[in-house]
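Just so you know, these numbers come straight off a predicted model, no measurement behind them. In what follows, chains carry the letters A, B, and so on, assigned in the order in which the sequence lines appear, proteins first and then strands, with residues in each chain numbered from 1.
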Amino acid sequence: MRFAFDDEQLLFRKNVRDVLTRVFPATQLRQAWTSEIGRSRERWKALAELGVVSALVPEAQGGLGMTELDLVLALEECGRVALPEPISETAAIVVPLLRELSNEAARGLLARIACGAVIATVGFESERYVESAHFADVLVLQKGDELHAIEGKSVRLQAQRSVDGGRRLFSVEWSPASATCLARGEEARRVVAAARDRASLALAAELVGLARCMIETTVAYAKVRTQFGQPIGSFQAVKHHLANAHLEVEVAAPMVYRAAHSIAHGTAARSMHASMAKARASDAANAAARCALQVHGAIGYSFEHDLHLFMKRAWALAGAWGDAAHHRARCADVIFGTNDL
Amino acid sequence: MRFAFDDEQLLFRKNVRDVLTRVFPATQLRQAWTSEIGRSRERWKALAELGVVSALVPEAQGGLGMTELDLVLALEECGRVALPEPISETAAIVVPLLRELSNEAARGLLARIACGAVIATVGFESERYVESAHFADVLVLQKGDELHAIEGKSVRLQAQRSVDGGRRLFSVEWSPASATCLARGEEARRVVAAARDRASLALAAELVGLARCMIETTVAYAKVRTQFGQPIGSFQAVKHHLANAHLEVEVAAPMVYRAAHSIAHGTAARSMHASMAKARASDAANAAARCALQVHGAIGYSFEHDLHLFMKRAWALAGAWGDAAHHRARCADVIFGTNDL
Amino acid sequence: MELDDSKDEIAFRDEARRWLEENVPKNALPSGDTQEGFALHVEWEKKLFAARWSVVSWPKAYGGREASLVEWLIFEEEYYRAAAPQRVTQNGIFLLAPTLFEFGTEAQRQKLLPRMSSAEDLWCQGWSEPNAGSDLAGLKSIASRDEARGGFVLSGQKTWCTRGAFCNKLFGLFRSDPTAERHKGLTYLMVDLGAPGVTVRPVDRLDGDAGFAEVFFDDVFVPDDGVLGTVHQGWSVAMATTGSERGLTLRSPGRFVATAARLVALCKRLGHRGHSVDARLRDRVVQAYLDAEAYRVYTLQTVTKVTSGAAIGAESSLNKIFWSEMDVRLHELALELLGVRAELVEGAPDAIDGGAWMKGFQFALAGPIYAGTNEIQRNVVAERVLGLPRAAAK
Amino acid sequence: MELDDSKDEIAFRDEARRWLEENVPKNALPSGDTQEGFALHVEWEKKLFAARWSVVSWPKAYGGREASLVEWLIFEEEYYRAAAPQRVTQNGIFLLAPTLFEFGTEAQRQKLLPRMSSAEDLWCQGWSEPNAGSDLAGLKSIASRDEARGGFVLSGQKTWCTRGAFCNKLFGLFRSDPTAERHKGLTYLMVDLGAPGVTVRPVDRLDGDAGFAEVFFDDVFVPDDGVLGTVHQGWSVAMATTGSERGLTLRSPGRFVATAARLVALCKRLGHRGHSVDARLRDRVVQAYLDAEAYRVYTLQTVTKVTSGAAIGAESSLNKIFWSEMDVRLHELALELLGVRAELVEGAPDAIDGGAWMKGFQFALAGPIYAGTNEIQRNVVAERVLGLPRAAAK
């Protein structure tokens, strides 16, 4: 038993963090809220060059042949800065989904994603809306027990405004054709189920990053902001708020890493581990957001201050791909033996 | 609208408090835990003379002809000192139950209770155990849809030890006879349902008293106990624990008084109001117990210190006659329209 | 104890309910914290005034009905039940007016109250400053005496003035004696925002509406009749207002009872659409509903105390903690019920109730912060209600 | 990252499981915090020792197996899974021994450790005094230097010494330099409770067992080889022990994972008996189960850190807060499930599992209090992990 990332994995995280600091400074986040597209192909390129996009693509298709465990810290970093690009959708959901399919179309698509040319997103019926559907070149969409790869330009989109201005959600109308079909029947159901677990993992990782960011920001603020002649961080109530939120995140993070390990190794309990991770990360991010706002007070309540950009993303991602209650209910079925997840 | 007790009701509370201080000083509570019987006919007499026992007995049977609203503060006082005698069972459950019956046996029993000669308790199937069955002269017992008044000496008892050493619970074996029957069929079901509401009210009142007592004791301790050179009550964490517990009790109390009013006036929503009162009072007493122990620290954890006598009673009464979850579920049926409580 | 409405109270309730049914706009107005929404809300306020519903508990001379506190509660219950518009006059009516009644001169009352009840003057509150939020004693904006002109000259800055961008008047505390310590040497002043030297900068709230303003004072003259209460005694004057803000007046139970009823309705509605509402959520919905009911009953008791002449004082902090945290729970639950649609806001075609729950959630999050954070309120309960000692440091 | 047991770990687990299956008493022993129960527990400890399971991670010379930290965790998991008896040696093994390994002389280790692992010496902890609970720096018991005899003379009182009434040895902090301030001038001493001048008074815990003792020292002589570490440096010596008490050693996840599994089993059992377990309770049971699992995974991460040579330090406060509050929730839920039978205790014919859940609940309530209250732990997290400033007062 050894519960730690290796040096290579930690170096990958450091590289991702460095690149994000360069290509996505805090000022860019507001632009992502206000601009029409809200996403940048430049940033995508930078992350693709680093190998984030192609991490899980097999080497045969030009990827790095890495595992979810190698990628999870990179996703946490993307979450930490509230990156708007569909990295989770492309690199952590669509890529491994395609990797599980044996057909030519899937392999071709993998190669085009690996070189950074194609950005993908994903839409399953359970989720209703598709993130970055306006920006993606290819949408992997489910209808019943069929799975299709649809060109971005051939779908009709209706924008659904999210509280998180960095998110772009759409209802998607599209027509399946036999040429677009990636999988059907049992195979489609299987890869969709596996993709849902990976989505839980990816969003959980982003949520841990978001939560860490909010806590760090809030700790820094509590050290300098004074009331009653003292830094507010010296008041026990503020200390305990922050200690509680920090505890939530510290306990959530290893659950996310464990889920990454289980999915990477195809452990039997991987679905349950993914649900445990998403449930706890969702709760932790919500708790961090609540704590951050309460400690910041009125300034955190203003649009000018950056805090709300992160809080709103936390609320949105905590609810996406199943909220904490949904994932606990999945665990319940296993714990009470009504289902072998 | 006027939400306040009148002077007479407040005077009654004061009298009860004064008498309890005299006949049941704190030292007596430990005796109630350790003695064989754990109850005192002397104390019963003192409370009977004050009118607590006969408050709800009609004047025609020698009682005071008062209402639940007149009695509720007296029950709160009994709870405050963790009085072990079955005042709630006799005065607040059995008496009004008998009052609703028109037969001669019920009237006769009422008269004997009113003069303090007979102590009663109550056992419904839903509760399994009967409090003070060893001490009561008469047990009002339910079997199916029949209700009987059974002499204390004609039942077989099996003691069930409670965590609250002041409580004496028993499984009761008994044989119904036509001579003992008080009511059957629809009438029995109706008075049993009404009695359950009154039990909720009575225990809720006791719980509010218990909670107030624990908070007062704890506040007093926090003022004198010092750590790190300061009274612990000056630490924000201790303050907030106590403020939270106090808030719970302050919000629970009016719910209990409102339930007393609704039952006294036969308001349509009285069952729901009784459930709301019991749910909130149970939660408040549990919260107060938890806060009290945490603030006291190790000393509160010792058997020598009195705190546990009150905590354990709070745990026991919070669970008796339906815990908070049970009563909220009853409210749910009304709120969601599946039942008109 | 008498918990049912009296005959008069029933009649009052009926009249209010009937008028509201006939007059509340069928479609919700746009947010009163936007420029165009504010104008529509002022129109609504004038309609309320015309029918004498804008300030029911005030004397008739100022536009009220001399309603009792209980009747006021009844009106509030009916108002929120009818989903009537947010009151953009509330800072004047609920914060400044009680202070005017207690500390104002007859001339001030006659001049200001009718213009307030009729929504001709729209007041915002100037309490906070960039470095003094919950710690009002740390205020730095200056009011210098100008004996010659008979008044004060203001310089400094106020912040987080709710709807300050749309109001024409401001009340607030200013440091009139810079040598006095903290709580001392403050004066309560009423300022015309049209006066020379005033600059108002809108600040958007996190929900995107321009709900706040920063107000800058650059040698702004306020004549002596703008002083409320005694010069340098602004702290005690303000505390009276604060008590009233935190207590009964601003957050009447009707609002939460109505929210809880809407939450139950949402729960039923989603349940009926085939999205099963799981039992766990249902139980928490029930708990929240019971909380709102508990707050209503608790407030009835408080109203009786006040009516009997008792001061509520520090106990009002209990109210504030309870309603503000309950309001967050009510909205959190609604968002959980909405599932993937929770994050959708106004403008999203699929948003349920136009995204009102997410909007309301963000609004509710301000509750535990403003009018004294709940941390401060818990200190107040512990120290002033329970009598626990202050920390040695302070 | 490698989360599965290695081959060696699997073999170790199998061996432990097999031995426990064969040797754990079929019927639970009476509480180790009573006179007769204690004796039976000591017997069990000797059996553990004989099979070399009493101190698996210790060097072989002292009765251990030189097991790794991971193997120790595995042993603990199996131990609690098998519902094996409470460890009445734990204060010695988990609190004193780590300090002896770090600060003891070779002679002290050779003399004391074998007698500890074989349960010949039974140690209790003398930390608290009547006016120094969480605030250890306020200790007042005195250790006066006796140069002639070569040792210290103790006077004063210790309190809340767990199982002190049944132990023969005590370790604790005593003030050796009364002129030094608070944390300074304390010495860590090991005392024979049979020495002249020692009086032990049993104090019952709230659950009725004699779990505590007060120990009075009336000119008790302790020779120099009873000093652990340097004279006057007892505070730093003790802090190392405290870290280890709060950290991994005392509360291994196995205990809570086993409790959670029993809670789920209880839930199923009651559900099958026709008492429906409502969905709300079921969801909270799941949440508690997931908490225990989260604590297990969190601890695995910590173990790897420690194994890699990192100090856990103040982070161990996170552990303490988490497990102690989870333990209360696990038991609260069980009591809710038990309904009217929740209050029944040992001796009640209808008590489920002999009243073990109520007993366990009372035991769990001590968790947030002892070894530094959770309020103190939260301060530690805020100040030492997050770097927030101390209050100006202190």
For residues C:Glu293 and B:Met272, determine if any side-chain heavy atom of one lies less than 4.5 Å from a side-chain heavy atom of the other.
no
Passes side-chain contact (heavy atoms from CB on, under 4.5 Å), B:Asp283 versus C:Gln287? Steps please.
CA-CA 12 Å; B:Asp283 283 346; C:Gln287 192 143 8; 4.2 Å; yes
Heavy-atom pairs under 4.5 Å with chain C are the metric here; pick the option from B:Pro254, B:Pro231, B:Ser262 that has the most.
B:Pro254
What closest approach, in Å, do C:Ala294 and B:Met255 show between heavy atoms, and which atom pair accounts for it?
CA-SD, 3.6 Å
Can you check whether C:Ile321 reaches B:Leu247 side chain to side chain, under 4.5 Å on heavy atoms?
yes
Measure distances from B:Leu69 to the heavy atoms of chain C and classify the residue's part below 4.5 Å as side chain, backbone, both or neither.
side chain
Short N-O contact, B:Arg2 and C:Asp4, less than 4.0 angstrom
no
Part of C:Val264 within contact of chain B (heavy atom distance under 4.5 Å)
both
Side chain to side chain, B:Val251 and C:Asp291, heavy atoms closer than 4.5 Å
no
Part of B:Arg280 within contact of chain C (heavy atom distance under 4.5 Å)
side chain
If we only count heavy atoms from C-beta on, is the B:Phe336 to C:Cys267 side-chain gap below 4.5 Å?
yes
side-chain contact (heavy atoms from CB on, under 4.5 Å) with B:Glu250: of C:Leu318, C:Thr302, C:Asn319, only one passes, and it is C:Leu318
What's the spacing between C:Met1 CE and B:Asp70 CG if we round to 0.5 Å?
10.0 Å
B:Gly233 and C:Leu388 have their tightest heavy-atom pair at O-CB, 3.6 Å
What I'd like to find out is whether the side chain of B:His240 reaches to under 4.5 Å of the side chain of C:Asn374, using heavy atoms alone.
no
What I'd like to find out is whether the side chain of B:Phe3 reaches to under 4.5 Å of the side chain of C:Val297, using heavy atoms alone.
yes
Could you tell me whether a side-chain N or O of C:Glu9 sits under 3.5 Å from a main-chain N or O of B:Met1, the two making a donor and an acceptor?
yes
Do B:Lys239 and C:Glu375 sit within salt-bridge range, that is, some charged N less than 4.0 Å from a carboxylate O?
no
